[in-house]
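Presented below is the structure to which this report refers.
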Amino acid sequence: MSTVQVDPTPPAQVVRTAGRRRVGTTPLGVGVAGLWLTVIVLLPLAAITVKSFDDGWSGFWDAISADAAVGAIEVTVLVSIVVALINVVMGTVIAWVLVRDEFPGKKIVNALIDLPFALPTIVASLVLLSLYGPDSPIDIRLNATKPALVIALAFVTLPFVVRQVQPVLIEVDREVEEAAASLGASNWTTWWRIIFPSLAPAVLTGAGLAFTRAIGEFGSVVLIGGNIPNDTQVASQYIQQQLEVDAPVDASAVSVVLLLIAFAVLFVLRIVGRRGARREGVDS
């Protein structure tokens with residue numbers, strides 16, 4: 001009867017696995033991250049919140065309920081919603097073209113998408129004023145109008161949806177699309193029932209980031225917007241105006257409102273993103 005000898009030397013793969021250790025976060029790392037977050041984010045937010053209540057709750061309420069403040073916030077939110085919706089459509093289309101199509105100059109176009117991140121926003125406002133201002137070379141005068149605000153904010157927020165959707169679209173399984181097409185599904189049905197559900201979380205995240213960036217934007221609208229109260233004056237311009245007339249409490253109060261709006265949008269997006277991830281996990 002033969003005996004089976006077992007090699008006492010473990011395979012190389014086992015050795016590598018046994019020697020692999022999980023890398024966790026040390027208390028020092030947590031402390032450094034927490035300290036940096038506190039100094040850069042939490043302390044400034046706390047300071048501006050405290051400043052907004054220097055005159056008490058009644059002073060805070062008077063500051064944010066003033067006609068000019070309400071008008072600026074309404075214009076800001078309305079224009080930012082329009083910009084976010086435009087970005088949802090055009091950003092998704094641009095991402096689709098960059099991922100699925102091949103054309104001359106594709107790398108240049110892909111690089112240009114990030115230009116609004118690198119370009120000083122006031123330069124964008126100057127360029128747009130030169131193009132759509134009183135001396136427009138194309139005879140289109142939009143300065144001091146809401147469409148001018150939309151164009152300016154759409155420019156600075158363009159990359160958000162594109163860069164959120166692009167990597168997700170790259171990972172989409174094309175075999176599922178081909179299977180749907182072989183079963184007779186139309187292009188629209190394939191897009192709406194198969195492709196878009198995978199892209200939806202990324203699209204929503206990009207739209208939310210574009211919206212929150214738009215409500216706090218200043219440089220891109222400062223020249224072309226016109227700063228007309230209750231018409232084209234956005235909240236950031238109203239805040240600057242209050243600082244110029246030595247009303248820092250009013251400026252801080254409106255700033256807190258913008259922070260609350262941005263936080264609420266990001267919080268909702270986080271919840272929606274988690275639910276979407278759980279649903280994909282269940283479906284898979």
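- A chain of hydrophobic side-chain contacts below 4.5 Å, direct or via other Ile, Leu, Val, Met, Phe, Trp or Tyr residues, connects Leu131 to Ile140.
- Under a hydrophobic-cluster definition in which Ile, Leu, Val, Met, Phe, Trp and Tyr are linked whenever side-chain heavy atoms come within less than 4.5 Å, directly or via other members, Val89 and Leu85 are assigned to different clusters.
- More than 12 heavy atoms of other residues, nucleotides or ligands sit less than 6.0 Å from atom CG of Asp101.
- Ser220 places no side-chain N or O within donor-acceptor distance of the main-chain N or O of Ile122, the cut-off being under 3.5 Å.
- Hydrophobic clustering places Val161 together with Phe196 (ILVMFWY residues linked when any side-chain heavy atoms are closer than 4.5 Å, directly or through intermediates).
- Minimum interatomic distance between Ala68 and Gln233 (heavy atoms only, all atoms of both residues): O-OE1, 4.4 Å.
- Leu43 belongs to no multi-residue hydrophobic cluster, having no ILVMFWY side-chain contact under 4.5 Å with any other such residue.
- The two residues Ser236 and Gly216 come nearest to each other via the heavy atoms CB-O, 4.3 Å.
- Looking at Ser125 and Val221, their side chains never come closer than 4.5 Å, going by heavy atoms from C-beta outward.
- Under the 4.5 Å side-chain heavy-atom criterion for Ile, Leu, Val, Met, Phe, Trp and Tyr, Phe155 and Val123 are members of the same hydrophobic cluster.
- Taken to the nearest 0.5 Å, the OG1 atom of Thr190 stands 6.5 Å off from the CD1 atom of Ile195.
- Looking only at side-chain heavy atoms (C-beta outward), Arg100 and Val172 come within less than 4.5 Å of each other.
- Using a 4.5 Å heavy-atom threshold, the side chains of Ile138 and Tyr132 count as touching.
- A side chain to side chain contact (heavy atoms under 4.5 Å, CB included) with Glu217 is found for one member of Leu149, Leu153, Thr157, Val234 and no other, namely Leu153.
- Atom-to-atom distance recorded for Arg213:CZ and Thr121:OG1 is 6.5 Å, nearest 0.5 angstrom.
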(message) Using side-chain contact (heavy atoms from CB on, under 4.5 Å), reason through Phe60 and Val256 one step at a time and then give a plain yes or no.
(response) CA-CA 10 Å; Phe60 177 85; Val256 169; 4.3 Å; yes
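- You'll find the side chain of Thr232 stays beyond 4.5 Å of the side chain of Val75, heavy atoms only.
- Val168 approaches Ala202 most closely through the heavy-atom pair CG2-CB, 3.8 Å.
- What you find for Ile239 and Val254 is that their closest heavy atoms are CG1-CG1, 4.0 Å.
- The structure places CG of Leu45 at 10.0 Å from CZ of Phe263, a figure rounded to the nearest 0.5 Å.
- Considering only heavy atoms from C-beta on, Leu266 comes within 4.5 Å of Leu209 through its side chain.
- At a threshold of 4.5 Å between non-hydrogen side-chain atoms, the residues Asp55 and Asp62 do not count as touching.
- Atom CZ of Arg141 has more than 12 heavy atoms from other residues, nucleotides or ligands within 6.0 Å.
- Under the 4.5 Å side-chain heavy-atom criterion for grouping Ile, Leu, Val, Met, Phe, Trp and Tyr, Val93 is not connected to Trp96 through any hydrophobic cluster.
- Residues Leu259 and Ile48 form a side-chain contact, since some pair of their non-hydrogen atoms from C-beta on lies under 4.5 Å apart.
- Between Phe117 and Phe160, the ring-plane angle classifies as perpendicular under the 30° and 60° cut-offs.
- Here the CG-CG distance, from Leu223 to Asn143, works out to 10.5 Å after rounding to the nearest 0.5 Å.
- Between the Asn110 side chain and the Lys106 main chain, no donor and acceptor come within less than 3.5 Å of each other.
- A search for side-chain contact (heavy atoms from CB on, under 4.5 Å) contacts involving Val77 returns Ile73, Ile81, Phe211, Ile261, not counting sequence neighbours.
- Within the model, atoms CG of Leu199 and CG of Leu204 stand 11.0 Å from one another, a figure rounded to the nearest 0.5 Å.
- When all heavy atoms are compared, the tightest approach of Ile113 to Val162 is CG2-CG1, 3.9 Å.
- In this structure a side-chain-to-backbone donor-acceptor pair under 3.5 Å is missing from Thr76 to Ile215.
- Taking the side chain as every heavy atom from C-beta outward, Met90 and Leu158 never approach each other to under 4.5 Å.
- The minimum heavy-atom distance linking Ala95 with Val165 is given by the pair CB-CG1, 3.8 Å.
- One finds the NZ atom of Lys51 at 11.0 Å from the CG atom of Asp250 (value rounded to the nearest 0.5 Å).
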